[in-house]
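Order of the sequence lines sets the chain letters (A, B, ...), proteins ahead of strands, with each chain counted from 1.
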Amino acid sequence: MLIAEAVVAALLLTGSFFLLVGSVGLLKLPDLMTRLHAPTKATTLGIGSVLIASVVYFAAIEGRVSIHELLITLFLFLTAPVTAHMVAKAHLHRDRATAERLPPAAGGGGWATLDDDPEPGARSEPSGP
Amino acid sequence: MSLVGRLLPHPLLSLTLTLVWVLLANGLDAGTLLLGIVLGIAIPLLTRRFWPDRPKLRNPLRMAEYGLVVLWDICVANVQVAWIILTKRNADLRPTFIVIPLQLTAPEAIAMLAGTITMTPGTVSSDLSDDGGSLLVHCLHTEDPAGVVANIKRRYEARLREIFP
């Protein structure tokens with residue numbers, strides 16, 4: 001019992017440390033693109049540790065198995081990259097200075113966010129009723 | 001197409017939905033399982049237009065290996081990013097955009113690669129090119145952009161190419 005409590009406490013402390021670092025990064029880093037790194041990474045291990053602590057607590061101390069934590073992990077891993085991607089796209093769309101300094105794509109084309117009509121004429125306008 | 005094929009256009013998706021429902025209910029009884037199966041059949045049918053092709057998996061078992069590699073990298077990434085945030089002054093940061101030329105063509109594979117890049121060391125995938133042939137990635141701090149590209153291609157893209165044909 002004591003060991004389980006120690007493990008839970010250690011996991012909670014690790015988790016809080018990484019969550020705190022994520023928030024510090026959000027405050028400290030200079031611009032939007034670098035700030036995006038803090039919540040997508042420093043926090044995944046933070047949330048992960050807290051969730052594992054929850055699994056250990058319910059399994060070892062309350063004696064029942066809880067699997068909701070696995071689902072939270074799954075949803076987090078699905079949603080965090082998508083959110084970060086959309087925020088980055090919106091930023092590129094709004095910030096001309098950053099958009100102009102982007103490296104060119106490997107195939108010679110443009111980036112999907114910036115080119116609303118990649119190949120002129122490729123997209124046919126609906127004509128007539 | 002057979003009756004089973006029409007009822008279950010995406011067997012793997014149906015199985016996943018049923019499993020997620022049972023996990024959400026946090027317990028297994030007949031009612032939960034039945035509702036899970038109904039959802040597993042109904043949702044793929046209702047959203048069929050969004051999934052025109054069934055993604056082909058060549059090596060499903062390699063997915064587990066890929067997952068473990070990514071999980072390990074996420075742990076390493078957290079420590080690295082925490083270290084950068086806590087010790088580097090903003091003036092010493094070298095944030096930069098890099099371009100990853102893609103050899104993957106399956107949309108599901110590219111989506112997985114983009115997600116993996118966002119979750120791992122100091123990189124966030126930011127955009128896809130018009131032709132779907134390259135990925136724009138932002139690095140929090142790197143002295144060697146070409147090395148980061150080579151590392152991503154070797155560690156993740158090569159593995160995904162074995163999973164998706």
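- Ranking Gly133(B), Ser125(B), Pro95(B) against chain A, the residue ahead of the rest is Ser125(B), based on heavy-atom pairs under 4.5 Å.
- Distance alone, capped at 3.5 Å, places no donor-acceptor pair between the Lys89(A) side chain and the Asp127(B) backbone.
- Taking OG1 from Thr118(B) and CZ from Phe77(A), the interatomic distance works out to 12.0 Å, rounded to the nearest 0.5 Å.
- Between Leu24(B) and Leu71(A), the shortest heavy-atom contact is N-CD1, 3.4 Å.
- Under the 4.5 Å side-chain heavy-atom criterion for ILVMFWY residues, a single connected hydrophobic cluster contains both Leu32(A) and Val124(B).
- Here Ile117(B) contributes atom CD1 and His85(A) contributes atom NE2; the two are 10.5 Å apart, rounded to the nearest 0.5 Å.
- Note on Leu86(B): it clusters hydrophobically with Val79(B), by side-chain heavy-atom contacts below 4.5 Å among ILVMFWY residues.
- In this structure, CG in Leu23(B) is found 9.0 Å from CG in Leu74(A), a value given to the nearest 0.5 Å.
- At a 4.5 Å heavy-atom cutoff, the contact between Ile67(A) and chain B is made by backbone and side-chain atoms alike.
- With a 6.0 Å radius and a threshold of 12 heavy atoms from other residues, nucleotides or ligands, Leu12(B) has its CG atom at or below the threshold.
- Side-chain heavy atoms closer than 4.5 Å link hydrophobic residues (I, L, V, M, F, W, Y) into clusters, and following such links, possibly through other members, connects Ile72(A) to Val70(B).
- Within 6.0 Å of the CZ atom in Arg161(B), the count of heavy atoms belonging to other residues, nucleotides or ligands does not exceed 12.
- Heavy-atom minimum distance, Leu93(B) versus Pro30(A): CD1-CD, 4.3 Å.
- The CG atom of Leu29(A) sits 12.5 Å away from atom NZ of Lys88(B), with the distance rounded to the nearest 0.5 Å.
- Using a distance-only test at 3.5 Å, with no hydrogens or angles considered, no donor-acceptor pair links the side chain of Asn78(B) to the main chain of Phe18(A).
- Residues Leu45(A) and Ile74(B) have side chains not in contact (no heavy-atom distance under 4.5 Å, counting atoms from C-beta outward).
- Contact check for Lys28(A) versus Asn90(B): side-chain heavy atoms found under the 4.5 Å cut-off.
- More than 12 heavy-atom neighbours from other residues, nucleotides or ligands sit within 6.0 angstrom of CZ on Phe97(B).
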Stepwise side-chain contact (heavy atoms from CB on, under 4.5 Å) test for Leu36(A) and Leu140(B): CA-CA 9 Å; Leu36(A) 255 188; Leu140(B) 177 60; over 6 Å; no
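- The side-chain heavy atoms of Pro103(A) and Ile98(B), taken from C-beta on, include no pair separated by under 4.5 Å.
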What's the verdict on ring pair (Phe, Tyr, Trp, His ring centres under 6.0 Å) for His37(A) and His141(B), showing C-alpha distance, side-chain angles and the deciding distance? CA-CA 10 Å; His37(A) 289 272; His141(B) 174 79; over 10 Å; no
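- In the hydrophobic clustering of this structure, Ile47(A) does not group with Val55(A); members are Ile, Leu, Val, Met, Phe, Trp, Tyr whose side-chain heavy atoms approach within less than 4.5 Å, directly or through other members.
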Check step by step if side-chain contact (heavy atoms from CB on, under 4.5 Å) holds for Ser126(B) and Trp111(A). CA-CA 10 Å; Ser126(B) 312; Trp111(A) 297 107; over 6 Å; no
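- For a residue to count as touching a neighbouring chain, one of its non-hydrogen atoms must lie under 4.5 Å from one of that chain's; by this rule Leu71(B) touches chain A with the side chain only.
- Here the straight-line distance linking atom OG1 of Thr34(A) with atom CD1 of Ile84(B) works out to 11.0 Å at 0.5 Å rounding.
- With hydrophobic clusters built from ILVMFWY side chains whose heavy atoms lie under 4.5 angstrom apart, Leu19(A) does not share a cluster with Leu26(A).
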